[in-house]
Amino acid sequence: MSTFTHFIRLTRPLNLFIIAFTMWLMRYFVLRPVVEVNEFELQLSSFHFFLLVLSTVLIAAAGNVINDYFDQRTDRVNRPKNIIVGVHVKRRVAMLVHQVFNAVGLALAFFVAWKIGMWKLSIVSFFAAGSLWFYSVQFKKELFIGNIIIALLAGLVPLLVGLYEIPLLIKQYGTSVREYFQLHRPGEDASLYFQYMFYFILGYSAFAFMLNFIREVQKDIADVKGDSRINARTIPLVYGIKNAKRIVGFLIGAAMVILVVVQQMIVNDTYSLIYLAATILLPLAISLVINHRAVKRAAFVKAGNWLKAAMLFGILYSIVHYYIYYFNELG
């Protein structure tokens, strides 16, 4: 395997693809249908959206590289065959790549935010880059903090699309929406139209946060031997593996209940329920069972893979929602 191939593996291209794909789904299958049903148009240009996605992917790639850079001691125990930094890619090269990716990613984020007249939005990207650095250096060793940081950053991926697009929509169409509400729906708050878009994306962000937090705890259980070498204070090392398994089981169960409640209260239709049960609840249930029975690292990794499948299908629900609610209107 060539050095270039190892370098590509270091950035975790599948994770980067999922980030880009998630942002694309949020724009074209969540926001655009709501906008085009009312004969409006998205305000962030396709080019600027591409730069925003590229910025997010580069910052995430930089985070993946620096995480592997500082993970060498634990990886020698947890995954010795998969070590890249220091074996296939030189340490100084990994650090340089991290710095270049971060610099370009942050520059692109600032450029897009400045170009649309909201430069302060770039603070989100600077926060993400800084959080990934401090996570790799220190926070991943701390109780709860590392798990929360990664889950929060995962939740920011879909939310970022709304943060850049919705204010532009309000600026462009706010007056038209208020006039429509005054004429056809007097007494109702016109801001509900834009709030609906934001809350829908916020729902995906909350879903990503919730499942990624559980996934991080599962990873800590799987990596407990390596983490003990660096005196990390992860949940399984502080409370024990059995209690960590109980925490994961409780969180998965809670997530399943929350998803069902949300489905019944907000998107109560047969197709959504079938999709939820077959592609999200079922993988979560399988992950729950495997996690309960797991003893060896391979089993915890398998439980985590089922959880990742539930995450992916959760994001893909945006396509299902599009065809259920907007296909007829958009033709």
Side-chain angles (χ1 to χ4, degrees), residues 16-57 60 112-113 116 118 121 124-125 151-174 177 190-212 255 258-259 261-269 271-276 279-280 310-331:
L16 301 182
F17 169 78
I18 291 175
I19 289 172
F21 187 50
T22 297
M23 296 181 73
W24 181 78
L25 287 174
M26 293 302 103
R27 175 176 171 86
Y28 292 106
F29 285 87
V30 175
L31 287 182
R32 188 176 68 173
V34 182
V35 170
E36 291 189 348
V37 157
N38 294 283
E39 299 182 352
F40 295 158
E41 294 181 355
L42 294 173
Q43 294 302 294
L44 188 66
S45 70
S46 297
F47 175 66
H48 288 140
F49 176 70
F50 167 75
L51 293 183
L52 178 62
V53 173
L54 180 60
S55 164
T56 307
V57 166
V112 174
I116 64 176
M118 296 185 294
L121 281 177
V124 177
S125 298
L152 181 62
L153 294 178
L156 279 176
V157 171
L159 188 61
L160 199 60
V161 180
L163 290 176
Y164 273 77
E165 182 65 56
I166 294 175
L168 297 178
L169 290 170
I170 294 174
K171 182 179 179 181
Q172 180 68 23
Y173 298 115
V177 171
S191 65
L192 290 175
Y193 172 71
F194 299 104
Q195 288 177 16
Y196 169 80
M197 288 187 278
F198 181 77
Y199 290 148
F200 206 84
I201 284 187
L202 190 62
Y204 284 99
S205 295
F207 173 81
F209 174 88
M210 180 171 55
L211 292 198
N212 271 279
I258 291 171
L259 288 170
V261 170
V262 170
Q263 190 277 327
Q264 290 294 305
M265 292 181 62
I266 300 178
V267 286
N268 186 13
D269 66 84
Y271 294 110
S272 292
L273 181 60
I274 292 172
Y275 183 89
L276 175 68
T279 65
I280 302 176
M311 294 181 204
L312 177 59
F313 282 113
I315 297 299
L316 288 173
Y317 173 73
S318 58
I319 299 176
V320 176
H321 182 266
Y322 169 82
Y323 281 104
I324 291 174
Y325 290 96
Y326 302 110
F327 182 76
N328 292 332
E329 288 88 344
L330 298 178

Which residues pass the ring pair (Phe, Tyr, Trp, His ring centres under 6.0 Å) test with Phe198, not counting sequence neighbours? none
Tightest non-hydrogen contact, residues Ser125 and Ser55, listed as OG-OG, 4.4 Å
Kindly determine whether Val30 and His321 satisfy side chain to side chain contact (heavy atoms under 4.5 Å, CB included), including the steps that lead there. CA-CA 8 Å; Val30 175; His321 182 266; over 6 Å; no
Hey, is the main chain of Leu159 close enough, under 3.5 Å, to the side chain of Ser205 for a donor-acceptor pair? yes
Are any side-chain N or O atoms of Gln263 and backbone N or O atoms of Asp269, one a donor and one an acceptor, separated by less than 3.5 Å? yes
Measure the spacing between OH of Tyr28 and CD1 of Ile319 and express it to the nearest 0.5 Å. 14.0 Å
Closest approach of Asn212 and Ala151, non-hydrogen atoms and distance? CB-CA, 4.0 Å
Which distance, rounded to the nearest 0.5 Å, do you find between the CD1 of Ile280 and the CG of Leu259? 6.5 Å
With a 4.5 Å heavy-atom cut-off, do Phe49 and Val161 have their side chains touching? yes
Which heavy atom of Leu51 sits nearest a heavy atom of Val112, and at what distance? CB-CG2, 3.6 Å
Kindly compute the distance separating CD (Glu165) from CD1 (Ile116), expressed to the nearest 0.5 Å. 8.5 Å
State, yes or no, whether a side-chain contact exists between Val177 and Ile170 at a heavy-atom distance under 4.5 Å. no
Whether the side chain of Arg27 engages the backbone of Leu44 through a donor-acceptor N/O pair (distance < 3.5 Å, no angle test) should be reported. yes
So how far is it from Leu202 CG to Phe207 CZ, rounded to the nearest 0.5 Å? 14.0 Å
Name the atoms and distances for all side-chain donor-acceptor pairs under 3.5 Å in residues 19-26, with sequence neighbours left out.
residue, atom, partner, partner atom, Å
Thr22, OG1, Ile18, O, 2.7

Write down the atom of Leu31, the atom of Gly162, and the distance for their closest heavy-atom approach. CD1-CA, 4.4 Å
Taken in chain and number order and not counting sequence neighbours, the residues that satisfy ring pair (Phe, Tyr, Trp, His ring centres under 6.0 Å) with Tyr173 are Phe40
Within the 4.5 Å heavy-atom criterion, are Tyr204 and Val157 side-chain neighbours or not? no
Suppose we call two aromatic rings close when their centres sit under 6.0 Å apart. Are His48 and Tyr164 close by that rule? no
Could you tell me whether the side chain of Tyr193 and the main chain of Val34 form a donor-acceptor pair under 3.5 Å? yes
Under the 3.5 angstrom rule, does the side chain of Tyr317 hit a backbone N or O of Ser272 as a donor-acceptor pair? no
Are Tyr275 and Val267 packed together at the side-chain level, in the sense that at least one heavy-atom pair is separated by less than 4.5 angstrom? no
Is it true that a side-chain atom of Gln43 and a backbone atom of Glu41 form a donor plus acceptor pair closer than 3.5 Å? yes
